[in-house]
Amino acid sequence: DAEITQSPRHKITETGRQVTLACHQTWNHNNMFWYRQDLGHGLRLIHYSYGVQDTNKGEVSDGYSVSRSNTEDLPLTLESAASSQTSVYFCASRQGANTGELFFGEGSRLTVL
Amino acid sequence: GENVEQHPSTLSVQEGDSAVIKCTYSDSASNYFPWYKQELGKRPQLIIDIRSNVGEKKDQRIAVTLNKTAKHFSLHITETQPEDSAVYFCAASQSAGKSTFGDGTTLTVKP
């Protein structure tokens with residue numbers, strides 16, 4: 001079955017280290033998104049992509065970057081991890097125009113010490 | 001950009017009662033309004049959605065209503081059951097564009 005997977009599911013790192021969270025989907029969806037979820041703040045958009053070589057900043061993009069070299073993958077990189085980036089990160093995808101439902105990965109819990 | 005406000009942040013009901021969660025949005029260009037349910041430790045999953053050309057949509061015990069003029073939409077759950085306990089998120093977007101989410105409502109259904 002087609003799916004969207006994230007890795008790692010749990011990670012503990014230290015302040016200042018570079019961290020990459022992987023997101024892989026097998027639906028051939030054009031649109032992919034990264035959200036972070038913090039208590040009391042719902043899901044906030046970090047970065048998104050509408051296709052290969054396309055990336056856009058969301059509302060909380062500072063300190064994060066993404067790249068889209070193929071349809072299936074949208075890795076999220078924290079260049080220099082900070083304690084404020086401790087959160088649960090969700091990757092999501094949707095097909096594209098005129099389709100609405102977002103399909104979420106299982107989430108990656110990141111702790112920055 | 002779009003701003004979505006969701007109320008209440010917590011809601012507790014007795015089993016069998018109805019639950020209503022309300023959201024308002026700011027961007028009149030938004031035309032797609034989904035609701036997601038997130039159980040503890042799980043990923044959000046779509047439960048119902050509505051597009052701007054429709055005023056109401058029902059699916060068994062859940063329904064969503066949309067008032068475009070007032071820029072608000074609501075989720076209605078009837079005959080609540082303990083398995084309805086979860087966090088519910090509303091969202092707004094333009095077609096397949098980026099979605100802006102509300103802050104979530106924690107619904108507790110007491111047996």
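Proteins get letters first, then strands, A, B, ... in listed order; numbering begins at 1 in each.
In this structure, Ser99(B) OG and Tyr35(A) OH are separated by 4.5 Å, a value rounded to the nearest 0.5 Å. For the atom pair Leu46(B) CG and Arg94(A) CZ, the distance stands at 10.0 Å (nearest 0.5 Å). The line from OG1 of Thr100(B) to CD of Glu59(A) is 6.5 Å long, rounded to the nearest 0.5 Å. For the atom pair CZ (Arg44(A)) and CG (Asp103(B)), the distance works out to 8.5 Å, reported to the nearest 0.5 Å.
Sparse packing is recorded around CZ of Arg17(A), with 12 or fewer heavy atoms of other residues, nucleotides or ligands lying under 6.0 Å away. For Leu40(B), the CG atom sits in a loose shell: 12 or fewer heavy atoms of surrounding residues, nucleotides or ligands are nearer than 6.0 Å.
Note: the hydrophobic cluster containing Val13(B) does not contain Val87(B) (ILVMFWY, side chain heavy atoms under 4.5 Å, direct or indirect links). A continuous path of Ile, Leu, Val, Met, Phe, Trp and Tyr side chains, each step under 4.5 Å between heavy atoms, connects Ile46(A) with Val19(A), placing both in one hydrophobic cluster. No chain of hydrophobic side-chain contacts below 4.5 Å, direct or via other Ile, Leu, Val, Met, Phe, Trp or Tyr residues, connects Trp34(A) to Phe103(A). In this structure, Tyr32(B) is a member of the same hydrophobic cluster as Phe101(B), with clusters built from ILVMFWY side-chain heavy atoms closer than 4.5 Å. Tyr64(A) and Tyr48(A) are assigned to two separate hydrophobic clusters, defined by single-linkage of ILVMFWY side chains at heavy-atom distances under 4.5 Å.
At least one side-chain heavy atom of Gln38(B) sits under 4.5 Å from a side-chain heavy atom of Gln37(A). Within the 4.5 Å cutoff, the side chain of Lys98(B) has heavy atoms near those of the Tyr50(A) side chain.
When all heavy atoms of Phe104(A) and Pro44(B) are compared, the pair lying nearest together is CD1-O, 3.4 Å.
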Is there a side-chain contact (heavy atoms from CB on, under 4.5 Å) between Tyr36(B) and Leu102(A) once you walk through the steps?
CA-CA 9 Å; Tyr36(B) 291 84; Leu102(A) 276 173; 3.2 Å; yes

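Heavy-atom distances place both the backbone and the side chain of Leu43(A) under 4.5 Å from chain B.
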